[in-house]
Number of protein chains: 2
Amino acid sequence: MNKNRNVTIKDVAKKAGVSVSTVSRAFNGYSDINKETRERIFKIAEEIGYVPSILARGMRAEKANRIGIAIEDYDENEPTYSFTYRILVGFMEYASERGYEVVFLPNLSKYQESRLVQILKDYHLDGVFLVGLKLSDEFYKQALRGEFPCVLFDIPIKRGKIGFVGTDSIKGASLAIEHFVKNGHKKIAFINGHENAYVSLQRLDGYYLSLMKNDITIDKTLIYFGDFTEESGKEGVRELFNRHRDISAIFAASDLMAIGAIKELKKMGKRIPDDVEIIGFDDLDLSAYITPKLSTIRQNSYKIGVSAATLLINLINGQNINQIILEPELVLRQSTKN
Amino acid sequence: MNKNRNVTIKDVAKKAGVSVSTVSRAFNGYSDINKETRERIFKIAEEIGYVPSILARGMRAEKANRIGIAIEDYDENEPTYSFTYRILVGFMEYASERGYEVVFLPNLSKYQESRLVQILKDYHLDGVFLVGLKLSDEFYKQALRGEFPCVLFDIPIKRGKIGFVGTDSIKGASLAIEHFVKNGHKKIAFINGHENAYVSLQRLDGYYLSLMKNDITIDKTLIYFGDFTEESGKEGVRELFNRHRDISAIFAASDLMAIGAIKELKKMGKRIPDDVEIIGFDDLDLSAYITPKLSTIRQNSYKIGVSAATLLINLINGQNINQIILEPELVLRQSTKN
DNA sequence: TAATTAGACTAAAACGTTTTAGTGAAACTT
DNA sequence: AAGTTTCACTAAAACGTTTTAGTCTAATTA
């Protein structure tokens with residue numbers, strides 16, 4: 001494919017009667033260039049179909065105009081990949097609009113021995129979006145040093161060149177609880193994620209805040225800490241109904257746990273939403289297909305991707321916004337009375 | 001990130017006491033290089049952590065060692081992206097193992113005016129995997145010219161530098177029909193995809209073949225042509241049961257259509273699998289979550305990605321395998337009697 | 001013994017950019 | 001009138017590779 005390469009900057013220069021450097025400067029928005037010259041250059045470039053080679057640019061320039069997206073290890077049995085895919089596409093589309101090339105780094109954990117910053121250099125990346133990184137992960141610690149631009153999903157670090165993108169979990173939880181309160185529930189159980197996830201703490205805050213605002217006394221035995229998986233949702237229901245047999249509403253911190261909970265509730269002979277109402281968190285594609293269709297707090301995964309790209313590119317270019325918090329949305333379906 | 005760039009080929013050359021070209025030749029597997037020298041070079045490279053710059057290489061070399069994956073336009077409402085994601089990851093992982101960098105081309109249709117071959121040059125790609133390409137698509141016609149290495153999913157072109165990857169649809173359909181026959185069904189309906197999709201024809205062949213093999217007379221009014229969507233699955237059931245009220249088994253050419261069919265059957269008061277057994281095709285993540293859990297012909301999406309990468313890299317390197325057909329697998333769940 | 005070939009290596013050009021360090025002319029200052 | 005500044009531009013080096021066209025020595029052949 002490289003044989004008779006494309007139109008190069010030289011062709012544009014020749015045709016415009018200027019030097020190669022002038023064309024380069026025009027394309028890179030330098031100021032010391034005559035307006036007419038600049039326009040002529042752009043017109044000619046357009047005409048002959050010139051596109052700067054990202055490879056050549058990356059080799060010479062400070063910035064390669066390439067960013068990476070590193071994704072959690074692949075698991076054959078994980079049913080949430082449509083969510084990941086939407087993040088990915090949002091990230092890609094925005095990045096490509098801004099002239100960045102996106103390089104996918106699969107199986108990051110394979111490289112655990114080497115330093116993350118080394119990998120970024122090897123790949124000529126200006127920055128990286130880390131999604132699904134575990135807090136225990138070695139790369140996580142390296143990222144924290146803030147040596148290079150880096151965006152994290154659901155992990156609220158905002159120091160140095162590190163950015164953070166996530167959904168407002170306090171608000172998300174509140175939306176769910178408010179809905180239950182409106183429907184007259186007093187005994188609202190909460191199946192949370194594990195305690196060392198930031199979002200779990202946030203969702204817990206939202207749960208507390210909403211209950212307090214509505215003068216419902218908080219009962220910690222109505223809270224169960226799972227690990228976001230379907231199995232832990234089932235476990236949560238067993239445990240909670242062991243403690244209280246009159247729970248009438250459940251808020252789960254992930255759709256997967258909500259789905260597990262529903263399965264377990266059905267097994268116990270409970271009708272949903274008549275006996276128990278339930279609201280999840282995420283809005284997986286799955287959630288609209290289970291029976292009953294799951295009401296949930298929607299995170300806009302596509303927008304998460306777009307925001308991550310926005311943030312990362314800003315960080316690379318030295319700007320100082322370093323977090324984007326997205327609005328959650330309550331989606332009412334069949335697991336609640338509406 | 002580019003400031004104090006990495007270890008380069010020069011560092012290796014200096015330390016090994018040879019010229020840069022020798023190191024390059026060693027790394028590219030040239031033969032006219034002494035075995036000891038080669039080994040010394042590799043050892044030193046390993047020691048000081050040398051990794052060839054893919055950018056520099058791509059600029060100079062015939063091949064850039066970069067391949068693209070172009071994906072169907074993003075649709076917010078499409079529920080099958082976990083399937084796409086698995087293809088993607090399979091493709092990525094294999095390509096990266098073989099030393100290829102993968103470039104994601106989102107929204108290919110945005111570029112419709114320009115020639116595909118032009119795009120590949122602009123991006124310095126050695127080849128591309130096109131997934132979800134419509135037959136009506138302009139790029140499809142361009143791909144067919146075979147000017148550059150290119151792999152298609154589910155579209156059986158095998159000429160020139162074009163490769164084809166897919167699941168054996170004849171066999172897949174047979175698996176489903178054989179199961180129904182074994183369970184004693186005679187009136188087996190078929191909700192197929194649209195007639196101009198290759199896989200629809202294959203699945204139809206499989207359907208015919210299996211019926212004939214089992215001495216069941218073929219009744220064309222038991223066949224409905226949908227368009228792979230959920231809605232057309234519903235429509236299919238309405239239409240088919242209008243024609244025959246005693247259908248006891250349905251094979252659908254996509255899980256989405258099977259899901260639509262199930263919804264419609266439930267609405268009609270049919271019990272699944274007691275009144276009607278149903279088998280889909282694909283095995284989406286969704287399918288294990290609907291009620292009843294869908295029995296289906298599984299396509300291994302991860303393997304599809306791996307196979308596409310394998311094929312593409314072979315085509316680029318001038319080898320002549322140009323198709324990989326994967327084995328389907330019958331997955332029995334709750335929509336059939338097992 | 002002279003000529004050829006094989007083996008192991010190298011110098012330098014090339015790829016398409018960006019960037020550094022200017023240049024020359026025109027327009028201002030003093 | 002001499003010096004300074006601004007404007008618009010450029011030549012050439014640099015980025016890290018691969019590749020072309022050798023070179024030099026030693027071994028083989030005629």
Side-chain angles (χ1 to χ4, degrees), chain A residues 1-42 45 48-66 99-101 121-126, chain B residues 1-41 45 48-66 99 101 121-126:
Chain A
M1 275 298 86
N2 252 13
K3 251 330 184 2
N4 55 336
R5 238 297 280 178
N6 257 331
V7 179
T8 82
I9 199 171
K10 276 184 201 159
D11 303 315
V12 180
K14 198 173 292 172
K15 204 148 187 190
V18 295
S19 77
V20 161
S21 8
T22 303
V23 178
S24 174
R25 303 185 79 86
F27 265 85
N28 290 284
Y30 281 68
S31 62
D32 64 344
I33 185 166
N34 189 291
K35 208 179 153 217
E36 285 163 31
T37 315
R38 182 194 303 278
E39 276 161 10
R40 186 154 39 90
I41 288 173
F42 284 153
I48 65 178
Y50 167 68
V51 177
S53 156
I54 202 161
L55 296 194
R57 164 180 291 174
M59 257 199 61
R60 187 60 179 90
E62 197 80 342
K63 297 169 39 196
N65 270 263
R66 288 156 51 94
Y100 281 75
E101 176 165 290
K121 279 184 184 171
D122 287 347
Y123 281 90
H124 297 266
L125 299 178
D126 299 333
Chain B
M1 275 301 81
N2 252 13
K3 251 327 186 358
N4 55 334
R5 238 297 280 178
N6 257 334
V7 180
T8 82
I9 198 172
K10 277 183 200 158
D11 303 316
V12 181
K14 199 172 291 172
K15 203 147 189 192
V18 295
S19 75
V20 161
S21 9
T22 303
V23 179
S24 174
R25 304 185 77 87
F27 266 84
N28 291 284
Y30 281 67
S31 62
D32 64 343
I33 184 166
N34 189 292
K35 206 177 156 220
E36 285 162 31
T37 315
R38 183 195 303 277
E39 275 161 11
R40 185 155 39 90
I41 288 173
I48 65 179
Y50 167 68
V51 177
S53 156
I54 202 162
L55 296 194
R57 163 181 292 175
M59 258 199 60
R60 188 61 180 88
E62 196 81 343
K63 297 170 38 196
N65 269 261
R66 288 156 51 95
E101 177 166 288
K121 278 185 184 171
D122 287 347
Y123 281 90
H124 297 265
L125 299 177
D126 299 333

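Every value quoted in this text rests on a predicted model; they were computed, and no experiment measured them.
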Q: What is the distance, rounded to the nearest whole Å, between atom CZ of B/R38 and atom P of C/dC9?
A: 10 Å
Q: Using a distance-only test with no angle check, is there a side-chain donor-acceptor pair under 3.5 angstrom linking B/S21 and B/S24?
A: no
Q: Does B/F27 reach a base, just sugar-phosphate, or nothing at all? Heavy atoms under 4.0 Å.
A: nothing
Q: Are B/D32 and B/R25 ion-paired here, with the side-chain N under 4.0 Å from a carboxylate O?
A: yes
Q: To the nearest Å, give me how far apart CG (B/L55) and C1' (D/dT18) are.
A: 15 Å
Q: B/A26 and B/R38: which non-hydrogen atoms are nearest, and at how many Å?
A: O-NH1, 3.6 Å
Q: Given atom CG of A/D11 and atom C1' of C/dC15, what is their separation to the nearest angstrom?
A: 13 Å
Q: Whole angstroms only, please: what is the CZ-C1' distance between A/R40 and D/dC9?
A: 12 Å
Q: Nearest-Å distance, NZ (A/K14) to C1' (D/dC9)?
A: 19 Å
Q: Could you tell me how far apart A/M59 (CE) and D/dC15 (C1') are, to the nearest whole angstrom?
A: 4 Å
Q: Taking OH from A/Y123 and P from D/dT17, how many angstroms apart are they, rounded to a whole number?
A: 15 Å
Q: A/K10 has a side chain; which of D/dC15, C/dC15, C/dT18 sits nearest to it?
A: C/dC15
Q: Just N and O in the side chain of B/S19: are any of them under 4.0 Å from OP1 or OP2 of C/dT10?
A: yes
Q: With rounding to the nearest 0.5 Å, note down the distance linking CG in B/N6 to OH in B/Y50.
A: 10.0 Å
Q: Please encode protein proximity along nucleotides 19-28 of chain C as a string of B, S and -, counting only heavy-atom distances under 4.0 Å.
A: BB--------
Q: For the atom pair CG (A/N65) and CG (A/L55), what is the distance rounded to the nearest 0.5 Å?
A: 12.0 Å
Q: Could you state the CG-P distance from B/N34 to D/dT25, rounded to the nearest angstrom?
A: 17 Å
Q: Is there a side-chain contact between A/E101 and B/E101, using heavy atoms and a 4.5 Å cut-off?
A: yes
Q: Quick one: CD1 on B/I41 to CZ on B/F27, what's the gap to the nearest 0.5 Å?
A: 8.0 Å
